[in-house]
Amino acid sequence: MADSDTFIPSLHKPAALLPIARHKDALLYTIETKQVTIVVGQTGSGKTTQLPQYLERAGYCNDGKLIAVTQAPTTVAARVAQEVGCQLGQQVGYSIRFEDVTSAATKIKFLTDGLLLREALVDPLLTRYSVIVVDEAHERSLSSDVLLGVLKKVLKRRPELRVVVSSATLVADEFVRFFAGEDGEEGRIVNIEGRAFPVDVHYLSAAVEDYLERAIKTVFEIHADEPEGDVLVFLTGRDEIERAIEMVADRLPGLPKDADALVPLPLYAGLPTEQQMYVFEPTSEGTRKVIFATNIAEASVTIEGIVFVIDCGFVKLRAYNPTTGIETLTATPVSQASATQRAGRAGRTKPGKCYRLYTESAFESLPETTIPEIQRSNLAPIILQLKALGIDNIARFDFLTPPPAELIVRALELLYSLGALDDYVKLTKPLGTRIAEIALEPMLAKCLLSSPSFSCLSEMLTIAAMTSLQGNVWFSHGSKKQEEPARRKFAVEEGDHLTLLNVYQAFVTKGKRDSKWCQQHYLNFRSMIRAVSIRNQLKRYLERFGMDVSESLTGDASAVLRAGGVPKEESIRRCLTSGYFAHAARMAPDGTFRTVDGGTVLHAHPSSLMFNRNADWVIFTEIMETGDKTYIRDVTKIEKSWLLEYGSSFYHIKS
DNA sequence: AGGTTTACT
């Protein structure tokens, strides 16, 4: 409030100047005459902000229907509401996991594609909507791919429905082909691209061994030889970014005395938001920013004033190995599409230059596009969702790009062993339909749904919420030496899950849900608040299923309560095994773990209690291979016999 | 003895 008289720089062009304005009539005509329209244009062309307003004014909301837009709901919705001149949640609203800012008056609704898919569970033909805009479809995320497949089916049943797919140039044809009807007619693409400035691309004449070193050298060459303009360097991860910044800092004293200042800045998702903001601050006279960024700067975040781009040619990509069931995170050569997108970041305000730290022939041999997520992910969650939508034959579902058969088989095996699918590969009732409905990863959903039979429903609700935070429970501000003892205060011998339970209980009782208390105990306050929300949401799901969620005073988690003669902690560990039997391992004498088949060496993640403790058999929630090691996280001790007791069909399939 | 691209239900 005290700052109400400061100036805020305008981030946005007046609507009339946006490239889309010139194409308004063409767009509305195509949308009126064709069921599917593909809009090609860069971020910033006004697609997401203007198009929904055009549609609304053209009468697409007349009979009480809504326009859905699947794009960064919170930020874009606020802007459109402002342009329309309404309060957020009135004509323009948005909906994300824990927030529904819509009302009976809402006509334009921004929501995530995941949420829209969930709405289809209740309303399979999405009858509330007259137009559905699927934004940034070229990014080929798992959920937008599945959504497009579902929409293709819905369109057959709803001739009046309109779908708008927004995409970058490179792949627009793929969407046209995908949606082409029996007549195979063309002309559904509307190109609204604004003029970008030319970007001069430079390659290395010979490959280099150490691209980081070469990147730094290039930064200093640009700084010495080129006119003003900021530099954006694409690297693969936090580690590299931090090293790069040190390297620049080390060499700054070597600059001539009269040289402009050079300011290195990091940008990656894990960076606290306050620190991310520095990269957006305009450079002052006589300084040049060098931003070292991950892929976040390729599409998600746009920084004005970039004139030079340095591209290391690699990106860290997630993949899933269907044979081992292990997820990997490895540096992979970028695709040509990615490299083009990166280069384009240099030409937003004036002509720019892009330096690729590889040879031109290396570029030629890169894959044209990045492999879509659907071809490298664990498909169990989406297969469940499709089944819940009544799409039973997964192999025959019309995917934009079909996933490999091994991924489907692996997912079906797991779902069957969890009891979500029957011998006819149909969703079981009620277990399968409920696992599909709960917004949790299937193994965790199974734990939660079987918790009443282990008399630990309240505890599993908490554990499910806490593990959903995916390792963001602990806050590290600076000194790591103080962090460890702080964690140990909450430690429970049996493992990480019970420790997490302990942390949550302490937060809501002793900690009084207070941020200062979190700081004292090295806990991430925002994550803990989120855990409370997730827990409430999960509880509501269970209520809807008619389960008894009345929570009698549960008391302290570390206290051993007895239920039917079994210690509470044992019930919880058994319950966890009933969902995570497929994630089992045994500790070897050297403190590392082996998978059940003995084939893979696993390491407890340094944030796990089991990092330096003894155990025999364990289950774990997360497994990921990075670089040369495979880490497991959220690890809990179990008895070997429980694996067969709860996961017999899984181990039967495997042997 | 040591760590994860970015989105999200």
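Each chain gets a letter, A, B and so on, in the order its sequence line appears, and its residues count up from 1. Just so it is clear, the values below take in all heavy atoms, side chains as well, and ignore hydrogens, waters and symmetry mates.
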Give the rounded distance in Å between these two atoms: [atom1] of [X] and [atom2] of [N].
X: Arg434(A); N: dT9(B); atom1: CZ; atom2: C1'; result: 19 Å
X: Met624(A); N: dG2(B); atom1: CE; atom2: P; result: 19 Å
X: Asp113(A); N: dC8(B); atom1: CG; atom2: P; result: 9 Å
X: Tyr541(A); N: dT9(B); atom1: OH; atom2: P; result: 10 Å
X: Leu142(A); N: dT6(B); atom1: CG; atom2: P; result: 18 Å
X: Arg376(A); N: dT6(B); atom1: CZ; atom2: C1'; result: 11 Å
X: Arg342(A); N: dT6(B); atom1: CZ; atom2: P; result: 12 Å
X: Tyr94(A); N: dT9(B); atom1: OH; atom2: P; result: 12 Å

As a test of reading the structure: which of [options] is closest to the side chain of [X], going by heavy atoms?
X: Phe611(A); options: dT9(B), dT5(B), dA1(B); value: dA1(B)
X: Leu115(A); options: dT6(B), dG2(B), dT9(B); value: dT9(B)
X: Ala439(A); options: dT5(B), dT6(B), dT9(B); value: dT9(B)
X: Leu329(A); options: dG2(B), dT6(B), dT5(B); value: dT5(B)
X: Pro606(A); options: dT9(B), dG2(B), dT5(B); value: dG2(B)
X: Thr112(A); options: dT9(B), dT6(B), dG3(B); value: dT9(B)
X: Thr294(A); options: dG2(B), dT5(B), dT9(B); value: dT5(B)
X: Tyr631(A); options: dT6(B), dT9(B), dG3(B); value: dG3(B)

- prompt: Should the pair His603(A) and Tyr631(A) be assigned to parallel (<30°), tilted (30 to 60°) or perpendicular (>60°) ring geometry?
  reply: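 His603(A) and Tyr631(A): tilted rings.
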task: Using a 4.0 Å heavy-atom cut-off across all strands, classify Ser141(A) as base, sugar-phosphate, or nothing.
output: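 Since no nucleic acid heavy atom lies under 4.0 Å of Ser141(A), the category is nothing.
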- prompt: Just checking Gly591(A): base, sugar-phosphate only, or nothing, at a heavy-atom cut-off of under 4.0 Å?
  reply: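 Gly591(A): no heavy atom of the nucleic acid under 4.0 Å.
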field: Between Asn295(A) and Arg342(A): side-chain donor-acceptor atoms closer than 3.5 Å
entry: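 Their side chains do contain a donor-acceptor pair, which is all the 3.5 Å distance test asks for.
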query: Which salt bridge (charged side-chain N to carboxylate O under 4.0 Å, His left out) pairs, counting each pair once, include a residue from residues 368-380 of chain A, with sequence neighbours left out?
result: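 Applying salt bridge (charged side-chain N to carboxylate O under 4.0 Å, His left out) to every pair that reaches into residues 368-380 of chain A, excluding sequence neighbours, yields nothing.
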field: dG2(B) OP1/OP2 closer than 4.0 Å to side-chain N/O of Lys629(A)
entry: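 So the side chain of Lys629(A) is within the cut-off, an N or O lying under 4.0 Å from OP1 or OP2 of dG2(B).
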field: 5′-ward residue of the pair Arg118(A)/Thr236(A) relative to DNA chain B
entry: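 So the residue in question is Thr236(A).
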- request: Could you say whether Arg97(A) or Leu267(A) is positioned toward the 5' end of DNA chain B, judged by the nucleotide with the nearest heavy atom to each?
  value: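 Taking each residue's closest nucleotide, the earlier one in sequence belongs to Leu267(A).
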query: Does CG in Asn614(A) sit with more than 12 non-hydrogen atoms of other residues, nucleotides or ligands closer than 6.0 Å?
result: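 Counting other residues, nucleotides and ligands, CG of Asn614(A) stays at 12 neighbours or fewer.
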Candidate list Thr370(A), Thr401(A), Thr369(A), test side-chain hydrogen bond (donor to acceptor under 3.5 Å, both in side chains), partner Arg140(A), passing option: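 The side-chain hydrogen bond (donor to acceptor under 3.5 Å, both in side chains) with Arg140(A) is passed solely by Thr401(A) among Thr370(A), Thr401(A), Thr369(A).
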task: Would you mind telling me which of Leu444(A), Leu384(A), Leu449(A) makes a side-chain contact (heavy atoms from CB on, under 4.5 Å) with Ile438(A)?
output: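 Looking at Leu444(A), Leu384(A), Leu449(A), the match for Ile438(A) under the side-chain contact (heavy atoms from CB on, under 4.5 Å) is Leu449(A).
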